[in-house]
Amino acid sequence: MKHFNFKASYVFVIVFLLFSSLSSFAQVVSEETNETVSTTASNINWLIAGIAILLVFIIGMVFDILSKVGDVQNKPVINWGRINAVMAIVFLVAGLGATTWEFMAHSKLTVFNLPAASAHSDEYDNMFMITLVLTGIVFVITQILLFWYTYKYKENKNRKALYYPDNHKLELIWTIIPTLVLTVLVVRGLIVWNNMTSNKGENAMNIELYGYQFAWNARYSGADNKLGKYDFRQIGVVNALGVDSLKEFAGDDVITTEMHVPVNKDLYLHFRSKDVIHSAYMPHFRVQMNVVPGLPTKFSFKPILTTNEMRAKTDNPKFDYVLLCNKICGSAHYRMKMTIVVDTQEEFEKWLKAQPALTAKGTEANKAFSFFKPSGLASK
C-alpha cells in the first residue's frame with residue numbers, strides 16, 4: 001500500500017469508465033429489444049461493481065496519503081506490522097470456525113450419513129476416516145502454529161531476527177514421522193484397492209458400463225456370463241456400443257439404459273468410454289473408476305442392500321442409487337446420470353429376462369439361464 005501506483009489507478013479508472021460507457025450503450029440496445037427486466041438487473045450489478053471499485057480506489061488513496069505523511073514525519077502513521085499480525089489471528093479463528101461449522105452443518109448431507117450399501121463400504125469408510133482424522137490433526141496444528149508465530153514475531157524494530165539455517169535433528173523428525181505414517185496409509189490403501197478391483201471369481205456377474213457424452217449404457221453378459229467383443233469401427237446410430245453381434249458370446253448380451261443388479265452377488269464391472277474421459281461414480285457403493293477411451297478399466301463390488309431396503313432404512317420412499325460422472329466431461333456433464341436398482345434375486349431374474357438380447361438366438365438362450373445356479377452358468 002505504501003507504493004500505491006497512481007498511474008495504474010488512473011488507467012484502471014479510464015478503462016472502467018470506457019467499459020461503463022459500452023455497458024450503457026448495450027443498455028440502450030437492450031431496451032430497444034424489450035429486455036427491460038434483465039437490463040435493469042444488469043444495471044444494478046454494474047452499479048454495485050462500480051461502487052465497490054470506487055471504494056477500493058478511495059481507500060487506496062487514503063492509505064497512500066497517510067503513508068506519505070508518515071514519511072514526512074519520519075514516523076509511520078499506520079503500523080502495518082501490527083495490523084497484519086492481528087489479521088492473521090482473525091483469519092485463523094475465522095478459518096477454523098468456518099471449517100468446524102462446515103463439518104457440523106453439512107456432514108449429514110454426505111453419503112457417509114447413509115447406511116453402507118456394498119460389502120467393501122465399511123473397510124473403505126474406515127480407511128477414509130483414519131486418513132481424514134490424521135491429516136485433519138496435522139492441518140489444525142500446523143495452521144495454529146503458522147498464524148500464531150506470525151502474530152508473535154510481528155515486526156519490531158527493537159528485535160533482531162535470528163539466523164537459523166538448519167537443524168538436522170528437527171528435519172529428521174519431521175521427515176521420518178510423516179514418511180512412516182504415509183507409508184502405512186498407502187500400503188493399507190493398496191491392499192484395500194486390490195481387494196476392490198480384483199475379480200471375485202467366475203461366478204461374479206460381468207457387466208459393462210459404457211459412458212459417452214452425456215449418458216450411460218449398461219451391457220449384461222447374458223447366459224454365458226461373457227461379454228461379446230466390440231469394434232469401435234462398428235459404432236453408429238443403431239449400434240451405439242459397437243458390439244459385434246456375430247462374434248462369440250455377443251448374441252445374448254443385453255443393453256439397457258437403467259442398471260439393475262442382484263443383491264448379495266459379486267459384480268465385475270467393465271468400464272469403457274466412447275469419446276472423452278469420464279468417471280463412473282457410485283457414491284452409495286463407494287465405487288469410482290475412471291472411464292478412459294481406448295483403455296478399459298474394471299472394478300468389483302457386491303451390493304448388500306436392495307433399493308427397497310435402503311428406502312426403508314432412510315425413511316425415504318424416493319431414494320434411488322445413482323451412477324454419476326465425476327469428471328467434468330463437457331457442457332452437459334451434469335446430465336450424465338443413470339439410476340441403479342438393486343433387486344432381490346427373483347426380481348432381477350424377472351427384469352433381465354424381460355430385456356431383449358442383441359439377437360433372437362441370444363434371447364432364447366437367456367430364457368433358460370440363471371446367474372444363481374450353484375453349478376455355474378449355462379454354456380454357450
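Numbers here simply count residues along the sequence, with the first being 1. The analysis underlying the following values was restricted to heavy atoms, covering all of them including side chains, and did not include hydrogens, waters or symmetry mates. From a predicted model like this one, the values you see are computed outputs, not experimental measurements.
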Are the ring centres of [X] and [Y] closer than 6.0 Å?
| X | Y | answer |
| --- | --- | --- |
| His284 | Tyr321 | yes |
| Phe112 | Phe128 | yes |
| His278 | Phe214 | no |

Problem set entry | Tyr220-Asp252 side chain donor-acceptor pair, cut-off 3.5 Å | no

For this session: Say whether Asn206 and Lys226, considering side chains only, have a donor N or O and an acceptor N or O under 3.5 Å apart.
Result: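 No donor-acceptor contact under 3.5 Å links the two side chains.
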
Seminar exercise, completed: For Leu180, the hydrophobic cluster (side chain heavy atoms closer than 4.5 Å, chained through members) also holds Leu172, Ile176

State the [atom1]-[atom2] distance between [X] and [Y], to the nearest 0.5 angstrom.
| X | Y | atom1 | atom2 | answer |
| --- | --- | --- | --- | --- |
| His270 | Ile207 | NE2 | CD1 | 9.0 Å |
| Met196 | Gln288 | CE | CD | 10.5 Å |
| Ser42 | Ile44 | OG | CD1 | 9.5 Å |
| Glu208 | Asn217 | CD | CG | 9.5 Å |

Exercise. Does Tyr151 have any ring-ring contact (aromatic ring centres under 6.0 Å, His included) partners at least two apart in sequence or in another chain, and if so, which?
Worked result: Trp148

Problem set entry | Inter- and intrachain pairs under side chain to side chain donor-acceptor pair (under 3.5 Å), touching residues 104-126, at least two apart |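 Sorted pair list: Glu102-His106, Ser118-Ser121, Asp125-Arg286, Asn126-Arg188.
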
Does a side-chain heavy-atom distance below 4.5 Å link [X] with [Y]?
| X | Y | value |
| --- | --- | --- |
| Arg272 | Arg219 | yes |
| Leu269 | Thr297 | no |
| Val342 | Leu305 | no |

What closest approach, in Å, do [X] and [Y] show between heavy atoms, and which atom pair accounts for it?
| X | Y | answer |
| --- | --- | --- |
| Met259 | Met338 | CB-CE, 3.6 Å |
| Thr344 | Val263 | CA-CG1, 4.2 Å |
| Asn156 | Asn158 | OD1-N, 2.9 Å |

Exercise. Does Met129 CE have over 12 foreign heavy atoms under 6.0 Å away?
Worked result: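 Enclosed.
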
Exercise. More than 12 foreign heavy atoms under 6.0 Å from CZ of Arg233: is that the case here?
Worked result: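 Not buried by this count: 12 neighbours or fewer within 6.0 Å.
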
Problem set entry | Whether Gln355 side chain and Trp351 backbone form a donor-acceptor pair below 3.5 Å | yes

For this session: Step by step, work out the side-chain contact (heavy atoms from CB on, under 4.5 Å) result for Ile144 and Leu96.
Result: CA-CA 9 Å; Ile144 291 175; Leu96 292 180; 4.0 Å; yes

